[in-house]
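Data first, discussion second: the structure below is written as structure tokens.
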Amino acid sequence: MTTASETPHLDFIREIVAADVSAGKNGGMVVTRFPPEPNGYLHIGHAKSICLNFGIAQEHAPSSRCHLRFDDTNPTKEETEYVDSIIEDVKWLGFDWDDHLFYASDYFEKLYNFAEQLINKGLAFVCDLNADQMRAHRGTLTEPGRNSPFRERSVSENLDLFHDPVIYRILHADHHRTGSAWCIYPMYDYAHPLSDAIEGITHSICTLEFEDHRPLYDWLVDHIDGLPSRPIQREFSRLNLNWTIMSKRKLLRLVKENHVSGWDDPRMPTLSGLRRRGYTPESIRAFCKGIGVTKFNAQTDMGVLENAVREDLNKTVERRMAVLRPLKLVIENYPEDYTEEIEVINNPEDPAAGTRKLPLGREVFVERDDFAEVPPKDWRRFTLGAEVRLTNAFCVICTDVIKDSAGNVIELRCTYDETTRHGKNPEGRAKVKAAVHWVSARHAVSASVRMYDRLFTVDNPEAAAGDDGDFTSFINPKSLEVIENAKLETSLAGADPGQRFQFVRIGYFIADAKDSLPGKPVFNRVVTMKDGYAKQGK
RNA sequence: AGCCGCGUGGUGUAAUGGUAGCACAAGAGAUUCUGAAUCUCUUUGUCUAGGUUCGAAUCCUGGCGCGGCUGCCA
């Protein structure tokens, strides 16, 4: 049942598409395209565009489709490695182009013929001006610009607007697909609208910076004969996420200068980085849906992305216990050399996830941060004489604190209350305020855990660097902290690469797909838990 | 001081001439074997000055602010 309040809101692009469909334009068909240039890896900003273009096509199925087209008109920048990564990333995000995979370079011959058509019509000409001369003729902010002396005639009403935009340039460079077949290559402004038209695109959706190019887009699709469709271009604002950067050129620099381990470094905003970090395609799609589509130059908070993955993982992922910074806790009234197995729920949000057995012995590890010798106000965790519940087990009272000669706390002693097993709290007994996670010392497996944090120390690195500053000076030196000897519950040793968990009370983690070995997983922190306590402290 | 586009709580995003709503963030409480999740409540907004109108976030004009454009990049 759909009520009025559940009617999904249409963004302005979808409104235009819907209006065109109901007006019967293009025979009711909707054909969009996602047109990356294969000169870098896809990032979260591209995800916005992918979700928009493929999403619109899905919403108008079956009389619709979305093409994946590589905009490979500049052989000096483009590589097959990027093509492969882009294909992988779009698939991973959950979209399918069926057999509509295209390359602008497939159209070089057609585009060349179109250019001849323009020349024959007197709408285009070959210009011998060099770059500087051409710049001079183009005009300035205050002057209108002059015709090239090589343009022997004036034809179109649009020429005043465009000052003879370049549509081809000479480039003696090998192309990743066409090799040395061409020494002239079409410019984006020429190739894009015509590629759209060749493919029968109906709605060519791009970002705001192309808005100024729209008259040229229209001019071209109106002046070439024999085009199968008359696409329209509409523009929306690209994604800006704070605490990171979205410029492909700058991301490339991070990789080339080894500020990160590669395009798929889990701190990168690339789709391959987010994937390795542990983000799910579902969470990224939900994020893209949530941020909307407008022409407003927005700055989206990283917290919105983080919230999206928490929301997804909270519902879908099994819980495990892991102690990152271990402190030994000895349960003095617990029998020595005894192990019991506790049956625990895998995911309280999903009964279908079932249960597992958790071993428990006399000595356990607890989180160092969960003990305070001098507790702050409202402290609910370990401190001398206070009672705390060991999650899934029983309540204990800390009876003794053991220190080394330097005064560091090296061990805690406690006694447990048998009547509080399995979450029981006998009648009349004061309720324990907190439950903390733990791992049985004898059964714990050691692992290294990578704690990722924001890549930059400022919320807008590019703005902070300014025009002549260097954004790399704002790289967060603490964006990666590796914990080598975290203590994990036994079952985690068998985690599959790519498997995600919630480490209770700590955050969401994924067994790294590259560095995990059989029986020896390495974990990446996807995102922390929300921490209401830490917030209080601020 | 050209052209194009955009201005709604802290951040985003709705309201398409008729009750300014939603999400995230923030705050208070309830609940809790995760200081999570969940639930309830709360704070905060139409850039500005005029105009049109019974009525303006919405339409018009000026101002201010922000972004884009001045590659033989895309």
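Please read these numbers as outputs of a predicted model, since none were measured by experiment. Per chain, numbering begins at 1; letters A, B, ... match sequence-line order.
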Rounded to whole Å, how long is the line connecting atom NE2 of A/His213 with atom P of B/rC73?
13 Å

Rounded to whole angstroms, how far apart are NZ on A/Lys315 and P on B/rA36?
18 Å

Give a yes or no on whether a donor-acceptor pair under 3.5 Å exists between the nucleobase atoms of B/rG68, that is its base, and the side chain of A/Asp212.
yes

Does A/Arg505 contact B/rG35 through a side-chain donor or acceptor facing the base, at a distance under 3.5 Å?
no

Could you list all the salt bridge (charged side-chain N to carboxylate O under 4.0 Å, His left out) pairs where at least one residue sits in residues 34-52 of chain A, not counting sequence neighbours?
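Listed by first then second residue: nothing to list.
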
Which pairs count as salt bridge (charged side-chain N to carboxylate O under 4.0 Å, His left out) when at least one residue sits in residues 75-86 of chain A, sequence neighbours excluded?
none

It should be established whether [X] places a side-chain nitrogen or oxygen under 4.0 Å from OP1 or OP2 of nucleotide [N].
X: A/Lys295; N: B/rC4; answer: no
X: A/His9; N: B/rA14; answer: yes
X: A/Ser237; N: B/rC6; answer: no
X: A/Arg319; N: B/rA36; answer: no

For A/Trp243, check ring-ring contact (aromatic ring centres under 6.0 Å, His included) against everything at least two apart and list the hits.
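Listed in chain order: nothing, the list is empty.
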
Could you work out, with side-chain contact (heavy atoms from CB on, under 4.5 Å) as the rule, every residue matching [X], not counting sequence neighbours?
X: A/Glu211; answer: A/Leu208, A/Glu235, A/Lys295
X: A/Met451; answer: A/Leu324, A/Val449, A/Glu481, A/Ile483, A/Phe509, A/Arg525
X: A/Thr316; answer: A/Asp312, A/Leu313
X: A/Trp182; answer: A/Phe108, A/Glu109, A/Tyr112, A/Thr178, A/Ile184, A/Tyr185

Expressed in whole Å, how much space separates the P atoms belonging to B/rG5 and B/rU44?
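Each nucleotide's P atom is 36 Å from the other's.
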
Can you tell me, in whole Å, how much space there is between the C1' of B/rC3 and that of B/rG51?
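Roughly 27 Å separates the two C1' atoms.
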
Are [X] and [Y] close enough for a salt bridge, meaning some N to O gap below 4.0 Å?
X: A/Glu199; Y: A/Arg69; answer: yes
X: A/Glu341; Y: A/Arg356; answer: no
X: A/Lys250; Y: A/Glu462; answer: yes

For A/Asp189, which residues count as a side-chain hydrogen bond (donor to acceptor under 3.5 Å, both in side chains) partner, sequence neighbours excluded?
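For A/Asp189 the side-chain hydrogen bond (donor to acceptor under 3.5 Å, both in side chains) partners, ignoring immediate neighbours, are A/His213.
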
Can you name the residues that form a side-chain hydrogen bond (donor to acceptor under 3.5 Å, both in side chains) with A/Thr419, not counting sequence neighbours?
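A/Thr419 satisfies side-chain hydrogen bond (donor to acceptor under 3.5 Å, both in side chains) with A/Asp417 only.
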
List in numerical order all residues of residues 42-50 of chain A for which some heavy atom is under 4.0 Å away from an atom belonging to RNA chain B.
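Correct list: empty, so none.
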
Sugar-phosphate, base or nothing in reach of A/Asn297, heavy atoms under 4.0 Å
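Sugar-phosphate contact only.
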
Looking across every strand, which nucleic acid part, if any, lies under 4.0 Å from A/Lys289 by heavy atom: base, sugar-phosphate, or nothing?
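It contacts nothing in the nucleic acid.
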
Nearest to the side chain of A/Asp71 - B/rU34, B/rC4, B/rA74?
B/rA74

Using Watson-Crick and G-U wobble pairs whose two distances are both under 3.5 Å, how do you write the pairing of RNA chain B as dot-bracket, with | for links to another strand?
.((((((..((((....[..)))).(((((.......)))))....(((((..]....))))))))))).....

Give me the distances for all protein-to-nucleotides 38-45 of chain B N/O pairs that come in under 3.5 Å?
none

